[in-house]
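Both ligands and their constituent atoms are indexed starting at 1 by order of listing.
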Amino acid sequence: MADEPIPLARPVLGPEEETRVLEVLRSGRLSLGPRVPEFEAAFARWLGAARASAVSSGTAGLHLALRAAGVSDGTEVVTSPFSFVASANVILYERARPVFADIDPRTLNLDPEAAAAAVTDRTAALLPVHIFGYPADLPAFERLGLPIVEDACEALGAAHADGSRVGARGHPAVFGFYANKQLTTGEGGMVTVGDAGVKERIDSERNQGRAHDMDWLDHDRLGFNYRLSDLACAVGLAQLERLDDLLAGRTRVADAYRAALSGIEGLDLPCPDTGGNRRGWFVFVVQLPRGSDRDAAVRGLAGHGIQSKPYLPAIHLMSFYRQRFGHREGEFPVCEDIAARSLALPFFPTMTELEVERVAVALRDALPVAT
Ligand SMILES: Cc1ncc(COP(=O)(O)O)c(C=O)c1O
């Protein structure tokens with residue numbers, strides 16, 4: 001009998017999610033109802049953040065957070081080229097310019113020194129990304145004295161060296177709830193903020209620019225439809241109840257991968273937690289040995305029914321960014337080397353040790369034998 005296919009990601013949903021969604025359906029309040037503030041409060045409490053605003057996606061949250069940070073036409077935002085494309089796209093939504101700086105080869109996060117060197121008198125904000133759930137060096141970015149928006153879309157459950165959770169430092173920090181994330185609502189996101197005025201602005205702009213005390217169809221600023229529905233928030237509340245277990249499941253799978261993949265010559269694994277920083281496990285991304293054929297590895301894994309994905313490509317080398325800004329190979333060598341060798345392996349909380357072992361064996365098979 002052929003082995004079962006192993007997908008890249010698999011959400012964990014159960015009867016709790018069904019019950020809560022049914023409650024909302026039966027209540028008739030599908031949007032702008034009580035589940036939204038309930039989910040926001042429960043999320044902020046879990047994280048240790050002062051307050052939170054639910055939004056329709058991580059991208060929507062980043063857009064609103066950048067607007068709240070004062071990013072506007074003609075300004076610049078210093079950010080990482082090693083991220084999902086959304087973190088750069090949102091800068092363009094405000095007709096500002098994404099200014100990339102290279103990444104740290106160990107953590108794969110924006111390098112604070114490179115970021116400092118990229119700051120100009122047009123820099124309106126810094127947008128560090130907690131890539132693959134590893135905390136970016138926020139204390140170093142804070143020393144630059146500029147507004148910060150944190151892309152924490154991949155980092156739910158991560159913690160800084162001082163023990164605070166990623167997203168609880170007071171800067172707008174944005175989480176994503178797409179189906180492969182630590183917590184999912186199908187599509188969705190959350191912006192955590194320290195400042196009550198910033199939350200008020202984000203809440204208004206996600207709802208077409210309507211202040212909370214204004215009548216329906218009255219609007220005092222430009223806004224968007226970036227609302228998260230009560231149905232989605234109901235799923236989020238059920239997911240939040242099981243979040244500690246989901247995160248523990250991901251940590252278990254990561255530990256199993258680390259053991260199963262150790263000893264493969266030239267294969268780089270995600271950096272271990274150091275200095276008190278703690279990763280919130282989202283994906284298990286390895287860098288293949290230099291000189292190996294990544295496409296052949298993807299095909300080799302697929303031959304065993306195992307999904308894998310080159311993840312992530314460098315943003316500045318995507319065709320749109322090359323054409324728009326004239327980026328070329330060689331600008332950010334660390335990012336380019338990492339991006340060219342990165343491969344995401346199947347990773348989800350219910351993955352078994354046997355499945356991890358199958359991936360490890362297939363990956364060894366797919367790599368050239370070191371001579
Ligand atoms: C680093 C990063 N930023 C932003 C996003 C965008 O989130 P969403 O897909 O919810 O809009 C993602 C989602 O994959 C992400 O991984």
Side-chain angles (χ1 to χ4, degrees), residues 8-11 39 43 52-67 69 71 77-94 98 100-101 103-104 107-110 125-136 138 141 148-158 166-167 171-192 202 205-206 224-229 232-233 235-236 239 250 270 279-285 309-316 318 321 335 338-339 342 344 347-348:
L8 260 182
R10 181 182 280 151
F39 182 35
F43 189 88
S53 295
V55 285
S56 54
S57 69
T59 308
L62 285 167
H63 184 196
L64 296 184
L66 281 183
R67 286 172 60 87
V71 172
V77 178
V78 177
T79 191
S80 174
F82 191 61
S83 175
F84 182 62
V85 68
S87 57
N89 282 350
V90 289
I91 299 167
L92 295 175
Y93 294 174
E94 289 302 312
F100 298 114
I103 58 170
D104 178 296
T107 65
L108 313 187
N109 282 322
L110 182 62
L126 307 172
L127 201 170
V129 181
H130 304 280
I131 203 67
F132 305 154
Y134 197 81
L138 260 293
F141 291 116
I148 293 175
V149 169
E150 298 178 46
D151 183 338
C153 282
E154 303 192 350
L156 188 55
V166 161
H171 317 288
V174 183
F175 294 85
F177 301 148
Y178 179 68
N180 63 350
K181 295 296 195 295
Q182 291 92 332
L183 177 158
T184 186
T185 57
E187 298 280 0
M190 191 73 82
V191 189
T192 52
I202 288 175
E205 291 192 353
R206 76 177 168 190
F224 307 85
N225 179 356
Y226 284 165
R227 295 186 302 265
L228 192 63
S229 73
C233 289
V235 177
Q239 289 269 291
R250 285 181 186 265
R279 190 189 295 270
W281 281 99
F282 163 56
V283 278
F284 200 90
V285 175
K309 197 175 194 169
Y311 183 83
L312 292 152
I315 298 175
H316 66 288
M318 292 179 182
Y321 279 87
C335 166
I338 296 291
S342 286
F347 191 69
F348 42 92

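- Residues that satisfy the ring-ring contact (aromatic ring centres under 6.0 Å, His included) test with Phe100, not counting sequence neighbours, are His327.
- Within 4.0 Å of ligand 1, protein heavy atoms belong to Ser57, Gly58, Thr59, Leu62, Ser83, Phe84, Ala86, Val129, Asp151, Cys153, Glu154, Lys181, Gly188, listed by chain and number.
- Annotation: ring-ring contact (aromatic ring centres under 6.0 Å, His included) contacts of His63 (sequence neighbours excluded): Tyr93, Phe224, Tyr226.
- Applying the side-chain contact (heavy atoms from CB on, under 4.5 Å) test between Ser342 and each of Leu312, Val283, Val285 identifies Val285 as the sole match.
- Phe282 pairs by the ring-ring contact (aromatic ring centres under 6.0 Å, His included) definition with nothing, not counting sequence neighbours.
- Other residues, nucleotides and ligands contribute more than 12 heavy atoms inside 6.0 Å of the OH atom of Tyr311.
- The aromatic ring centroids of Phe132 and Phe347 lie 6.0 Å or more from each other.
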